[in-house]
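The structure appears right after this line, and notes come after that.
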Amino acid sequence: ASAQTRDVVVFAAASLKNALDDAGAAWMRETGKRVTISYAASNALAKQIEAGAPADLFFSADLDWMDYLASKGSIKPESRVSLLGNALVLVAAKGSTLQVQLQPGIDLAAILGSNRLAMGHVDAVPAGKYGKAALEHLGAWNGVKDKVAQADNVRAALLLVSRGEAPLGIVYRTDAVSDPNVSIVATFPDESHPPIVYPVALTKDSANPDAAAFLAFLRSDKSKPFFDKQGFTFVGKATSGS
Amino acid sequence: MTDWLSPEEWTAVRLSLKVAFVAMTASLIPGIAVALLLERGRFWGRQALDVIVHLPLVLPPVVVGWALLIGFGRRGPIGSFLAEQFGIVLSFRWTGAALACAIMGFPLLVRAIRLSIASVDRKLEDAAGTLGAHPVWVFGIVTLPLILPGIIAGMVLSFAKAMGEFGATITFVSNIPGETQTIPSAIYAYTQVPGGESGAMRLTLVSVVISIAALWMSEWFARRARLRVQAR
Amino acid sequence: MTDWLSPEEWTAVRLSLKVAFVAMTASLIPGIAVALLLERGRFWGRQALDVIVHLPLVLPPVVVGWALLIGFGRRGPIGSFLAEQFGIVLSFRWTGAALACAIMGFPLLVRAIRLSIASVDRKLEDAAGTLGAHPVWVFGIVTLPLILPGIIAGMVLSFAKAMGEFGATITFVSNIPGETQTIPSAIYAYTQVPGGESGAMRLTLVSVVISIAALWMSEWFARRARLRVQAR
Amino acid sequence: MILEVDIRHEQGGFVLQARFQSGGGLTALFGPSGSGKTTIVNAIGGLVRPEHGRVVVQDRVLVDTKKNVFVPKHRRRIGYVFQEGRLFPHLDVRQNLLFGRWFTPRRERTANFDHVVDLLGIGHLLERRPSTLSGGEKQRVAIGRALLADPQLLLMDEPLASLDEARKAEIYPYIERLRDEGAVPIVLVSHSVAEIARLATSVVVLSEGRVTASGRASEILRHTDLFAQVGPAEAGALVEAQILRHEDGFGLTILQAKAGLLTVPRIERPIGAPLRVRLRARDIILSLHRPEGLSALNILPGRIASIDDTGGPSVDVMLECGGDAIVARVTRRSVRELGLAPGLAVHAIIKSIAFDPEALGSVAPHDV
Amino acid sequence: MILEVDIRHEQGGFVLQARFQSGGGLTALFGPSGSGKTTIVNAIGGLVRPEHGRVVVQDRVLVDTKKNVFVPKHRRRIGYVFQEGRLFPHLDVRQNLLFGRWFTPRRERTANFDHVVDLLGIGHLLERRPSTLSGGEKQRVAIGRALLADPQLLLMDEPLASLDEARKAEIYPYIERLRDEGAVPIVLVSHSVAEIARLATSVVVLSEGRVTASGRASEILRHTDLFAQVGPAEAGALVEAQILRHEDGFGLTILQAKAGLLTVPRIERPIGAPLRVRLRARDIILSLHRPEGLSALNILPGRIASIDDTGGPSVDVMLECGGDAIVARVTRRSVRELGLAPGLAVHAIIKSIAFDPEALGSVAPHDV
Ligand SMILES: Nc1ncnc2c1ncn2[C@@H]1O[C@H](COP(=O)(O)OP(=O)(O)OP(=O)(O)O)[C@@H](O)[C@H]1O
Ligand SMILES: Nc1ncnc2c1ncn2[C@@H]1O[C@H](COP(=O)(O)OP(=O)(O)OP(=O)(O)O)[C@@H](O)[C@H]1O
Ligand code: MOO
Ligand SMILES: [Mg+2]
Ligand SMILES: [Mg+2]
């Protein structure tokens, strides 16, 4: 197929699936053009784009991998936008009576006792990295660092809490609100961790003129409801590297 | 029935079947050859070949996918060679998914065939030789039929592995609906978002049904192969 | 040499070896039993058992991990039973990692043993029976030694798989350094951060070296087992 | 009856319908290839489960399909020498030989290991694996394995087929001893009439899955035409005799049979020992007068009882020699030339040398 | 020489060092179990690669370790009947039989399928798998498979060991025909002297890996003591004869040998046909006078050439009968009683019936 009629190919972090599927469908209804979205872990997508994947847009779950591609010259820097934000929350299994105030000096370790704190991998998974930063900020990290069960993605961390394996977990608000088996115990203050942003950019090799149009669509208010619905904060502002 | 799965899911199912089938079929002949080499060969580098064949099992799938991306990607040495010389593009195509699945299932295929080869009575091969059959013929009309159970077992393992393979595939060829999104990739995507469980469940069920069918067929073939050899 | 890997990495290597070894060892007897049942048994539900054994191969590892969590987790029916009755806790323990690895490798183990069982000459078992050996004895002193090559092959596959298993393990018992962080988990972490390649490479190399050693040992045992049976 | 078999069994298109009884000792199964011998042995040994019928050994019901009795093979206490060896490839010769012993109650372990190993000449093979043995060596180990299981029933399916005569000659007396002393019933499949004549107490003749004749060896072997199917060369009479004296100078032994004295190559048994002698019909010459100046030492006077014309160039002449029935096979031309007819007095001439060791079997007192 | 073997080969502790030649026809390998027969056949067939030496068949060098020649087995055009069957389990009997044919050049396919199948009596088994065959049936299929490969060299390792006499009697003439007509050299391993006497052109006697005797069958069989190891019963002389006439009324055939006339059971061959007759030493009675009134039809006058005292109860008396050498085995007592001594004129008495079919082999004109 020629570049003219080709679908717009989006490489997007898997956590965006629900919102992006809806947005893509809306765009198709509007323009008659289709988007094809490949959901995987941000790191895998970034490596693939670096290796020449036929992606038009990269929608990352964190800044690191977007920065990585930017440093490799694999994206069009001028197109880069930090589209979404998210909040980090502490969750407990539904019906838990735990009361936690997320303030500096909090002794999370005591609350956990011999139990585990479920998080994304603290070096690898964005939510884990943010969680670690937040706990450090609150001075709780050293106390709990040996009690952290690091999952390979934030959904798995959530699952650990909702299955009752871990009494507490740190996940995104987007995940927490949708799971009826967990309740949000507390929300981490924004300043306790680096801003949670989902950047999106056109890839260097993208030759599909529709790609920019879809990116514009994502940035417009037309797509805002889909992200709102999943609990993201819609930022939509252009950023350069951090 | 058809609307029980979305069109995109049906595509993933079809693609998975195609990928698994092609992976299994394409690795068959190399699998038999490598099994023969490893089981019968006495050559320098046998140990190394043995290790290489086992690597996809030992290494985390992500690493295999990574290695494939580096080697067979558009910019990789083998990938660019294949693309230039034969026009074969693997990266981000279903063919790449098939390659990833074939490689992940290869150690299983080879082992099963090796076990069968080891249990062949070489005296029968000798007998065929005395009757004038060249070693190649001996292989074709004596050894091959006798190792059929192992070949079938190896094919089942390779097919099943290909149906379940995820890490190497998604790392190598990503998760592009209609092109590289197999059932496991689709399941993965479902598990990453709230409310995806039911979708994941449905696809898991499809996988189970397919594997039941595959096992059933393989047992049927294996029984036939065995009946040919055994009494009654 | 020791500082070539970080202490945490060494821990992961040791843990991986332990997990793989325990997974292989613990699944051996059930593996032989299931292989026997599937190959020799004629019972209702044989097909179902066959499918169940193959599922870990067919399903994406994440799904298996999920299922383990639901079944063997603290609140899972089996998990809570084990914890209450025997004090065995699997979740977040290395034992859980071993369970996940054992289950992922089980179809490979069973297949290898099945193939060997199928190639045993049952006339030898009959002969042992005529000499007064009860079927259990016949199994122990005739069948078992004869299927040794298959058992060894199955163990290698199970061990190798356990060394590389990642998806089911991390989903079930997550990644706790010193407790459940195996080599693949550690590699995974490296692959998730930009610039982690060299760390991933180092650990991959360790995996390769271990698998070379394992293969080498298995070949040695297999050769001994074979020599016992064959001429010269 | 020590051994009763009455079974019906189908395999593929082949129907076995066999019924016979035997009073113990050694029961020989005889018949052309594919006639069902191995199948019967398998049914007795518990390797084949017959569709219908009964197998009883020494009053122990091993199979009774009506009563749904089927004693599993490992409880039958048998020693089975298979037609095709079946040595355990992963065990060395010694371990193969001792296999059955592990499962024999300690006090019933009577077979002497060294003795059996010597007898079979396999002492130098004990540390070897079966795959390195020659055909005959394998067979000898298989025999040893069965004997050393101290079986209460010995099944031997062509055990000696690929052994040389010298080795056979060494093994025969052992089998005879088992048969006579041990009270171990033996079932032997053999294509060799000489072997059967020497060893068998009863003979069961099979053809296409059916028993065409069965009875005491002495009866069956006299009916020479029964063996038409296997070549007539080996038929003959079995005669009971006792050792009268040894002629040490000449290496001969003199036997007393009802028919008269028999001079045979020396037999190492005490005076008075009972013996069975096979007089092969084809080895016997008839003479009208008592001959003189012959090298043949055995000349038995007798009377022609009947003449069996089987249609070929030869006829079987049944003689009555002082109470022993003897058969001579002579050409029809001789019958005419000598005017042989029932009632005629003749002399049977037999070379001493014609009694090869195979033809001289030891015999239990109650036997024949 | 049609067949030249000169090899040295070690396997385990066993050393084979064999050297013999044979002028074609059928070469019989004879020796106790474990003496190296199968190893020699394997070396000729290309299944064993001897460490040193040469194998030459019909001027074709198959092995020459000095020149590093080793013709691979599939290019030797052999038909090998293995000691243990080795049928292809995944092929039915017909496919097994025709296996070699696929690799035989079309114009060399002379063996007639139907004929061989009939001969072996395996017509009803063609659709069956080897696993459903009885022991003897398997062996027959294995023989058929080798014959139908139209080999240029036939190797048979105890091919008839587990067949009944009747079947053997049917197969012998076929092997004789191959030997005499087809110019196919045959190597046969057998424990049966009768078989060897009937079929062999040359005999190689082995013991513990060495050739203890080799030569023309007629020579070797006369030296009866060579066979001491396998039991002496079967030794005897081979005599060349021609068919003189048939006595149809009595079903007899009269042969002319140098020693005189021989009356034997009818042989279905034309008058004048050359024949080889085995006169077993143990079947021959010596008489000082020409006997009268005997049922034995063959009385050959001769003179004692020598007396071989082998030490046992019997001695072998070598006779010179009009140009044929004959051996009679008699007791030492007879030697004394009759005063047998070299130079004495005696009569050899042989029953017609003593010539069983096995003892009467056809013979190629150039043979014996
Ligand atoms: N791998 C081995 N190691 C040691 N000895 C061996 C090996 N293979 C064969 N032999 C010995 O070689 C000898 C010759 O074997 P071969 O099979 O040629 O005997 P054979 O004459 O055919 O005997 P048979 O009549 O019993 O078949 C035997 O004593 C056997 O034990
Ligand atoms: N599965 C089967 N299907 C058809 N026929 C069978 C099967 N198994 C055995 N037979 C037939 O049963 C018959 C009897 O077999 P058995 O082994 O008892 O013969 P046998 O008397 O021992 O012969 P041999 O002397 O050749 O060993 C044979 O004709 C054989 O072909
Ligand atoms: O006296 Mo004889 O001739 O040896 O039987
Ligand atoms: Mg049989
Ligand atoms: Mg041999």
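Every chain is numbered from 1 and lettered A, B, ... according to where its sequence line falls, protein lines coming before strand lines.
- Looking at B:Leu131 and E:Trp102, their side chains never come closer than 4.5 Å, going by heavy atoms from C-beta outward.
- Of the two parts of E:Leu47, only the side chain, counted from C-beta on, holds a non-hydrogen atom closer than 4.5 Å to a non-hydrogen atom of chain B.
- The structure places OG1 of B:Thr130 at 10.0 Å from CG of E:Asn42, a figure rounded to the nearest 0.5 Å.
- Neither the backbone nor the side chain of E:Leu133 comes within less than 4.5 Å of any heavy atom of chain B.
- Shown here is E:Arg19, whose CZ atom has no more than 12 heavy atoms of other residues, nucleotides or ligands within 6.0 Å.
- With rounding to the nearest 0.5 Å, the separation of CD in E:Glu84 from NZ in B:Lys123 is 4.5 Å.
- Other residues, nucleotides and ligands contribute only 12 or fewer heavy atoms inside 6.0 Å of the CZ atom of B:Phe21.
- Other residues, nucleotides and ligands place no more than 12 heavy atoms under 6.0 Å from the CZ atom of E:Arg107.
- Here E:Arg86 is the residue among E:Arg77, E:Arg86, E:Arg145, E:Arg76 with the most heavy-atom pairs under 4.5 Å with chain B.
- In this structure, B:Ala133 and E:Phe99 approach most closely via the heavy-atom pair CB-CE2, 4.1 Å.
- Under a cut-off of 6.0 angstrom, the local environment of CZ in E:Arg109 is crowded, with over 12 non-hydrogen atoms contributed by other residues, nucleotides or ligands.
- Side chain of E:His90 to main chain of B:Ile141: a donor-acceptor pair is present (N/O by atom type, distance under 3.5 Å, no hydrogens or angles).
- At most 12 non-hydrogen atoms from other residues, nucleotides or ligands lie less than 6.0 angstrom from CZ of B:Phe221.
- In this structure, E:Phe88 CZ and B:Leu124 CG are separated by 6.5 Å, a value rounded to the nearest 0.5 Å.
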